[in-house]
Amino acid sequence: MTETQHPQRDAAATLPAQYQPGEVEGRRYEKWVAEGRFRASADSDKPPFTIVIPPPNVTGSLHMGHALDHTEQDMLIRRKRMQGFEALWLPGMDHAGIATQNVVERQLAAEGLSRHDLGREKFVERVWQWKAESGGAILGQMRRLGDSVDWDRERFTMDDGLSRAVQTVFKRLYDDGLIYRAERIINWCPRCLTALSDIEVEHTDDEGELVSIRYSDDVVVATTRAETMLGDTAVAVHPDDERYRHLIGTEVELPLTGRRIPIVGDEHVDPSFGTGMVKVTPAHDPNDFEIGQRHDLPSLTIMNERGVITAPGPFEGLDRFEARPAIVAALREQGRIVAEKRPYVHAVGHCSRCRTTVEPRLSLQWFVNTAPLARAAGDAVRDGRVRIEPADLAKRYFAWVDNMHDWCISRQLWWGHRIPVWYGPEGEVVCVGPDEEPPSGPGWRRDEDVLDTWFSSALWPFSTLGWPDQTPDLAKFYPTSVLVTGYDILFFWVARMMMFGLYAMDGRQPFDVIVLHGMVRDQFGKKMSKSFGNVVDPLDWIDRYGADATRFTLARGANPGADVPVSEDWCQGSRNFCNKLWNATRFALMNGAHVAGELPGPERLSTVDRWILSRLQHVIAEVDEQFEAYEFAKVCDTLYHFAWDDVCDWYVELAKPVLGAGGEAAATTRRVLGHVLDQLLRLLHPVVPFVTDELWTALAGDGADGGVGGNGTLLTAAWPVAEPALLNDAAEAEIAVLQRVVTEIRRFRSDQGLRPGQRVAARLDGLAGAGVAAHEPLIRSLVRLDEAGPDFQASATLAVSGEVSVALDTRGSIDVAAERARLEKDRAAAEKEAAQARAKLDNPAFVGKAPEPVVQKIRERLAVAEADLARIGTALEALPS
RNA sequence: GGGCGCGUAGCUCAGUGGGAGAGCACUCGCCUUACAAGCGAGGGGUCGCAGGUUCGAAACCUGCCGCGCCCACCA
């Protein structure tokens with residue numbers, strides 16, 4: 001390409017002075033999708049790289065947590081795609097059992113209807129209709145963020161295929177005896193009218209009242225749930241408790257009921273708590289249930305599913321929270337309340353979906369026997385088949401899988417996967433597989449319940465790939481490569497995917513690496529909450545600052561496993577960074593930078609070119625390491641500083657005089673600048689895909705060879721590979737000296753209040769000794785120094801470094817006091833440095849025990865400090881007194 | 001009650017055995033034709049406290065203080 005032909009200049013002319021994300025993003029995204037850039041193929045020869053998206057709720061909309069989660073996944077996927085992997089990022093949604101049913105039920109309530117008015121079939125139809133009309137808003141929002149997901153493979157947990165996977169796994173677990181039905185105390189939500197698993201219950205410290213009730217002269221028990229006494233079927237004491245041993249085997253009359261109940265001895269009772277006597281209500285308390293089992297006590301249910309008292313008598317029909325004070329009042333009237341502790345703060349469970357106080361309730365439910373599954377899930381991490389990043393968080397994972405309770409999987413809902421079990425007239429129980437005919441005939445009925453929504457999400461990594469069929473997708477893309485999610489659903493989801501993945505896929509793990517991030521928080525580290533008013537909507541930031549800025553802000557704060565604080569200021573900073581890239585590329589285009597042809601050989605490169613190319617190789621290597629360690633924040637930091645400090649602040653500034661001068665040097669610089677930007681944009685593409693693709697196509701042209709299957713888009717351009725041959729320590733050292741000289745002169749100009757435009761005559765001494773003599777014109781040009789003329793009269797001497805000093809003629813008086821103060825300060829610092837180094841070297845213990853490289857380093861440090869002192873001394877002497 | 005983690009500049013955080021760092025904020029000077037969403041320069045920290053290990057500690061150990069999170073069936 002000759003100097004006069006620069007088609008890029010036309011491109012530059014079309015670029016406005018500021019990056020307008022709104023103008024670029026929509027069009028870029030639709031182009032990517034239309035060209036099928038996100039599509040993965042099972043037939044490909046390329047090695048697979050797979051991520052399945054943590055399926056958002058069909059009722060959900062994009063919040064900052066998703067934006068963070070998706071940014072990390074998109075960064076991984078986009079980089080692997082550029083590296084030549086068959087990269088599949090599979091999107092989809094979760095049917096979100098209770099959440100979705102609640103949404104539709106609220107809609108019905110507005111019409112004055114309940115789901116029972118419609119009936120099961122019509123209600124489920126209605127939910128599907130809701131999904132078609134208003135569900136999945138988040139999918140559109142993912143496009144705004146730039147998620148490079150394969151839309152052709154979008155899945156939903158209630159799809160036919162996934163439902164078949166659910167039924168297959170259920171049947172297998174049932175046949176293996178790992179699923180069973182039992183009457184147990186479970187967590188019951190009296191509002192949602194369904195059972196909940198342990199982890200769907202959130203405990204908070206609530207205020208209550210602990211009352212001590214005298215059942216008889218000898219028997220006093222304490223409780224926070226007085227209403228449950230109606231269901232007491234025993235009183236328990238510790239069998240070794242001297243005070244009460246004689247009572248074991250006797251009976252006591254239960255107040256308000258007239259029933260006589262036994263006193264039993266049970267190890268569970270803590271003699272040191274309260275009176276050491278416990279009322280036993282097997283139907284309404286998990287501990288009491290176990291005591292009841294051990295002593296063969298009857299379980300007396302005194303409350304219905306809505307928490308209303310059903311025990312016959314004066315309290316029948318009262319809500320549990322009305323019955324409580326009523327019963328306490330009645331007991332008080334009888335003089336049976338011997339003590340009240342109020343307020344009494346204790347942990348109370350709430351429905352994670354609606355906050356209603358959970359009621360322990362005896363009921364017949366389906367459970368997964370988790371012991372063998374959880375052991376396998378733990379072992380897969382213990383033996384290294386699955387890695388958790390950051391590794392510290394594995395402790396939390398083990399704490400969970402090694403102490404897992406059986407999982408209650410049945411839900412008394414209508415929206416979800418219905419339990420595939422039929423009951424016959426003679427008490428038969430038949431579990432039906434997906435390809436089997438269910439039993440029919442008089443008296444047969446199907447189980448009414450559906451499965452916990454997490455049951456189907458636990459199958460997500462393989463049900464989405466076509467399992468139970470042996471599909472090409474499954475063969476190509478399972479196990480998935482990385483799972484990216486927040487540590488908050490380690491238990492809900494990750495551990496269960498591990499259990500079911502290992503089980504259903506015959507011991508093959510669902511993913512190789514689990515990458516955990518934290519929660520997005522505000523700029524003060526506070527949790528985002530509606531009541532606190534600090535919630536930020538990512539779409540708002542995307543509108544105002546662009547998707548790239550939003551992504552960069554999140555990724556830049558994403559330290560492994562840690563919460564991610566964000567603020568609008570930081571997002572503006574990210575927007576500014578995108579704009580910086582924009583303008584750097586604009587500058588390059590206006591000056592004819594290009595990517596055509598080979599890089600000039602080493603003999604044609606200037607030191608400045610060698611320096612920036614060397615820096616680039618370091619950056620490529622660092623970014624690769626940081627990506628492999630899932631250090632998203634460090635990736636961003638490395639590229640931010642390289643782009644802004646090295647490329648924009650130094651290389652572009654150093655290139656300006658060369659480009660202005662024209663000739664062969666300018667031609668070389670145009671090519672090197674094009675190369676550096678080309679590589680930089682590639683490296684940045686995973687985190688800021690829109691602006692980089694826009695700029696890269698302008699720089700490389702639409703017909704550019706993008707490397708791996710690339711034709712005019714950065715998406716499939718080859719990921720940079722560091723070239724050791726381009727590393728150049730000598731050039732880096734030279735430019736470091738140049739930078740010190742320039743910075744010191746600027747420092748002087750700034751301290752002395754010299755106007756930036758004002759030219760000053762100067763004599764630069766010792767550049768040759770420092771090996772940077774060739775850079776004198778560059779230095780002079782950067783800091784506007786004229787040659788020393790015949791009338792040159794130094795009014796200040798700057799001690800820079802090494803042999804370099806700069807004598808300046810400011811053509812006027814300088815602020816001697818300011819310069820002296822500055823030098824004194826520098827001298828004090830150098831003296832301190834020298835003293836510290838000498839103290840170490842004078843210490844025989846240090847010299848004897850410290851490794852030689854460290855000692856050598858200290859010697860060098862001392863030498864530098866002494867040289868500094870000498871130069872500062874000279875400069876001080878040179879100052880007019 | 002059990003477990004995990006954190007305390008470094010005004011704010012948010014990197015740094016985990018050998019010269020205290022970044023972003024933002026702050027101060028001063030600049031519209032220097034890529035960019036004022038910018039440029040240049042600068043100030044600012046007894047690394048929570050107290051012991052210990054070490055030639056050497058922000059980092060490793062112990063204790064204390066403060067903060068956070070997760071798990072949990074003391075009625």
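Every chain is numbered from 1 and lettered A, B, ... according to where its sequence line falls, protein lines coming before strand lines.
With rounding to the nearest 0.5 Å, the separation of CD in A/Glu359 from CD1 in A/Ile185 is 9.5 Å. Note: A/Thr281 OG1 to A/Glu227 CD = 9.5 Å, rounded to the nearest 0.5 Å.
Residue-level contact check: A/Val566 touches neither bases nor backbone, having no heavy atom under 4.0 Å from any strand. Residue-level contact check: A/Arg575 touches the bases, meaning some heavy atom is under 4.0 Å from a base atom. Here A/Phe524 lies in heavy-atom contact (under 4.0 Å) with sugar-phosphate atoms only. Looking at heavy-atom distances under 4.0 Å, A/Asn579 makes contact with a base. Counting any heavy atom pair closer than 4.0 Å across all strands shown, A/Arg747 reaches sugar-phosphate atoms only and no base atom. The residue A/Glu653 sits close to a base: some heavy atom pair falls under 4.0 Å. Residue contacts shown for A/Lys656 include a base, since a base heavy atom lies under 4.0 Å away. As judged by a 4.0 angstrom heavy-atom cut-off over every strand, A/Cys648 is placed among the base-contacting residues. At the heavy-atom level, A/Tyr344 lies under 4.0 Å from the strands shown only through sugar-phosphate atoms. Residue-level contact check: A/Asn559 touches the backbone only, with heavy atoms under 4.0 Å from sugar-phosphate atoms and none from bases. Here A/Pro851 lies in heavy-atom contact (under 4.0 Å) with a base. Across all strands, A/Arg556 comes closer than 4.0 Å only to sugar-phosphate atoms, never to a base (heavy-atom distances). If you check every strand for non-hydrogen atoms under 4.0 Å, A/Gln523 touches sugar and phosphate atoms only. At a threshold of 4.0 angstrom between heavy atoms, the contacts of A/Ala850 include nucleobase atoms, whether or not backbone atoms are also involved.
For the pair A/Lys656 and A/Phe587, the cation-pi test (distance below 6.0 Å, angle within 45°) is passed. Both cation-pi conditions hold for A/Arg396 and A/Tyr487: the charged atom is under 6.0 angstrom from the six-membered ring centre and inside a 45 degree cone around its axis.
Between A/Phe632 and A/Tyr630, the two ring planes are tilted [angle within 30° to 60°].
Listed pair A/Thr743 / B/rA41 meets the phosphate criterion, a side-chain N or O lying under 4.0 Å from OP1 or OP2. Using a 4.0 Å cut-off, some side-chain N or O of A/Trp644 falls inside it from OP1 or OP2 of B/rC39. Note on A/Lys395: a side-chain N or O is less than 4.0 Å away from OP1 or OP2 of B/rG5. Checking the phosphate oxygens (OP1, OP2) of B/rA22, no side-chain nitrogen or oxygen of A/Lys634 falls inside 4.0 Å. Checking the phosphate oxygens (OP1, OP2) of B/rC4, no side-chain nitrogen or oxygen of A/Tyr397 falls inside 4.0 Å. Checking the phosphate oxygens (OP1, OP2) of B/rC39, a side-chain nitrogen or oxygen of A/Lys580 falls inside 4.0 Å. Taking 4.0 angstrom as the limit, A/Tyr640 places a side-chain polar atom (N or O) nearer than this to OP1 or OP2 of B/rC24. Distances shorter than 4.0 Å separate some side-chain N or O of A/Asn576 from OP1 or OP2 on B/rG38. The side chain of A/His203 places an N or O atom within less than 4.0 Å of a non-bridging phosphate oxygen (OP1 or OP2) of B/rC73. For B/rG18, the OP1/OP2 oxygens have no side-chain nitrogen or oxygen of A/Lys849 closer than 4.0 Å.
Here the separation of B/rG23 from B/rG29, taken at their C1' atoms, is 23 Å to the nearest Å. Taking the P atoms as reference points, B/rA41 lies 39 Å from B/rG56, given to the whole Å. A distance of about 10 Å separates the P atoms of B/rC13 and B/rG7, rounded to the whole Å. To the nearest whole angstrom, the two P atoms, one in B/rG3 and one in B/rC64, are 14 Å apart.
Taking the side chain of A/Phe491 as heavy atoms from C-beta on, and the options B/rA34, B/rC13, B/rC71, the nearest nucleotide is B/rC71.
Counting heavy-atom neighbours within 6.0 Å of A/Glu340 CD, excluding the residue itself, gives a total above 12.
The main-chain N or O of A/Val691 is found under 3.5 Å from a side-chain atom of A/Asp548 such that the two form a donor-acceptor pair.
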